[in-house]
Number of protein chains: 2
Amino acid sequence: MSETEPRPDSPRRARTRERLMDAAFEVFAEQGLAATSVEQVAEHAGFTRGAFYSNFSTKEELLLALMTRERDRWVASLSERVPAVFPFAAGPPIEAEIGAAVAALLAGPTNHRHAALIQGEFRLLALRDPELARAFEVHRMALEDSLVDIVDDAVSRSGRRLRLDTRSMVRVVVALHQDAVERSILAGAEGDPMESVHLELARLLTAITELR
Amino acid sequence: MSETEPRPDSPRRARTRERLMDAAFEVFAEQGLAATSVEQVAEHAGFTRGAFYSNFSTKEELLLALMTRERDRWVASLSERVPAVFPFAAGPPIEAEIGAAVAALLAGPTNHRHAALIQGEFRLLALRDPELARAFEVHRMALEDSLVDIVDDAVSRSGRRLRLDTRSMVRVVVALHQDAVERSILAGAEGDPMESVHLELARLLTAITELR
DNA sequence: CGTATCCGATACAGGAATGTATCCGCTAAG
DNA sequence: CTTAGCGGATACATTCCTGTATCGGATACG
């Protein structure tokens with residue numbers, strides 16, 4: 001019964017952690033994890049380093065908390081939007097429909113640029129640290145499972161079949177989506193960069209996914 | 001006619017640069033660019049910081065030189081191996097053949113883990129710095145163009161057609177390959193991790209690429 | 001073999017980030 | 001309203017890294 005850290009979870013504490021995560025989301029995305037000092041995060045949140053060290057022990061711990069929060073929001077958002085995005089009945093099949101729908105789902109509510117950068121940061125860290133690799137897998141799996149359910153549901157409602165098992169399908173879509181987003185950032189897209197991304201992605205998916 | 005840096009390219013100098021790049025390849029891959037000090041790179045190469053500052057002005061400059069070198073080796077290796085990897089005549093089509101061949105080409109001669117990590121490091125940097133973004137694009141394009149030529153050649157020899165334009169096809173393959181390699185690293189694969197990667201990739205490609 | 005030159009080693013100063021220890025003021029509970 | 005204690009600010013010592021300036025020795029060439 002030896003609790004290592006019996007820190008009470010006061011409402012004040014929760015608010016501070018929240019603000020620190022908000023700050024980390026921005027600063028980590030803009031400068032990168034390693035290039036960001038603890039002080040910069042705290043300052044951006046309107047605190048000093050004292051607040052940080054009172055709530056987290058390392059930058060990585062903060063990043064992990066942040067990723068968990070984002071994932072939960074993300075999956076929740078997905079679950080909500082599913083019905084609206086898959087309106088097609090069991091009627092006639094339009095190949096692009098599923099492509100566009102999945103792309104719309106993946107688009108999500110968050111800042112794409114920041115999300116992509118932080119995701120990349122997290123992945124790179126996980127590729128080196130087995131500890132974080134496990135956390136990253138949990139993260140990825142939670143998303144993947146949700147998507148598999150969604151796609152399975154939509155496909156079965158359409159009364160047709162994918163040419164690939166659903167999980168592989170989802171992995172392909174996620175990988176291509178990620179690549180497309182990064183490509184658009186690298187191209188220095190202004191305005192709403194996601195528009196062209198989704199056009200391109202839908203085109204690829206139409207060719208690739210073709211229902212049977 | 002004002003040369004900014006008329007540094008003579010002595011043989012000794014070239015050797016030192018080479019050793020520094022070798023060291024950077026390892027240390028950057030293991031610790032990440034930002035987490036690595038100039039001293040660590042120099043030391044790992046058997047030098048002190050003096051040698052580094054005599055040859056490069058920033059870590060980024062070293063990384064860029066490194067990536068250029070790796071790309072050149074990479075493309076050269078590809079060009080050499082093409083004939084051996086595409087032995088199939090205009091005869092009967094085996095769908096998996098092109099998938100396995102492309103996978104073998106992408107595998108290349110280098111350390112996969114390190115290559116993937118450094119590539120990720122470079123990409124992440126490019127996503128933030130427009131300067132590096134351009135360099136990254138050059139890098140990516142050089143590889144992509146080579147692959148397009150290779151695939152075009154192989155497909156035309158087979159007397160069939162891809163269900164996707166070649167460039168999109170290549171992008172899909174590269175993106176999926178990258179994803180597969182990262183996935184295998186994250187899974188903590190021991191031994192030869194590329195074996196399972198290529199099996200999985202070939203399976204996906206078989207389903208996706210199907211010649212017409 | 002001798003030598004001028006180039007290149008990497010060494011020394012130094014400055015700056016910045018980290019983690020801890022301590023303190024005070026705010027907050028939430030009664 | 002009062003108070004106990006939590007949470008964030010402040011101060012400090014330490015460590016590490018950077019960039020430059022200078023020097024001595026190896027190297028390539030005649």
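In what follows, chains carry the letters A, B, and so on, assigned in the order in which the sequence lines appear, proteins first and then strands, with residues in each chain numbered from 1.
Among residues two or more places apart in sequence or in another chain, the side chain to side chain donor-acceptor pair (under 3.5 Å) test is passed with A:E121 by B:R128. For A:D22, the side chain to side chain donor-acceptor pair (under 3.5 Å) partners two or more places apart in sequence, or in a different chain, are A:R69. Legend: residues meeting salt bridge (Lys or Arg N to Asp or Glu O under 4.0 Å) with A:E70, ordered by chain and number and at least two apart, are A:R73. Under the rule for a side chain to side chain donor-acceptor pair (under 3.5 Å), the partners of A:E61 that lie at least two apart in sequence or sit in another chain are A:S57. In this structure, B:E26 has no side chain to side chain donor-acceptor pair (under 3.5 Å) partners at least two apart in sequence or on a different chain.
Listed by first and then second residue, the salt bridge (Lys or Arg N to Asp or Glu O under 4.0 Å) pairs that reach into residues 31-44 of chain A come to none, sequence neighbours excluded. Judged as a ring-ring contact (aromatic ring centres under 6.0 Å, His included), the pairs with a partner in residues 23-42 of chain A (not counting sequence neighbours) are, in order, A:F25-A:H114. Among residue pairs with one or both ends in residues 123-143 of chain A, those qualifying as ring-ring contact (aromatic ring centres under 6.0 Å, His included) are A:F122-A:F136, A:F122-A:H139; sequence neighbours excluded.
Donor-acceptor pairing under 3.5 Å is recorded for the side chains of A:Q40 and A:Q31.
Salt bridge B:R167/B:D145: present, at least one basic N to carboxylate O contact under 4.0 Å. Look at B:D9 and B:R13 and you find no salt bridge, because none of the NZ, NE, NH1 or NH2 atoms lies under 4.0 Å from a carboxylate O.
Annotation: the terminal axes of the helix from C:dC1-D:dG30 to C:dG30-D:dC1 meet at 40°, where each axis is the rotation carrying the C1' atoms of four end pairs onto the next four (5 pairs per end, rounded to 10°).
Near-neighbour residues of DNA chain C inside residues 14-33 of chain A, defined by a heavy atom below 4.0 Å, number-ordered: A:R15. In the region residues 36-46 of chain B, proximity to DNA chain D at under 4.0 angstrom, judged on heavy atoms, holds for B:S37, B:V38.
For A:R12, the listed nucleotide lying nearest its side chain is C:dG25; candidates were D:dT18, C:dC7, C:dG25.
Going from atom CZ of A:F52 over to atom P of C:dA17 covers 14 Å, rounded to whole Å. Between the P atom of C:dC6 and the CZ atom of B:R13 lies a distance of 11 Å, rounded to the nearest Å.
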Below 3.5 Å between N/O atoms, which protein atoms pair up with nucleotides 20-24 of chain C? Just atom names and distances, please.
none

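For CD of A:E131, the number of neighbouring non-hydrogen atoms (other residues, nucleotides, ligands) closer than 6.0 Å is 12 at most.
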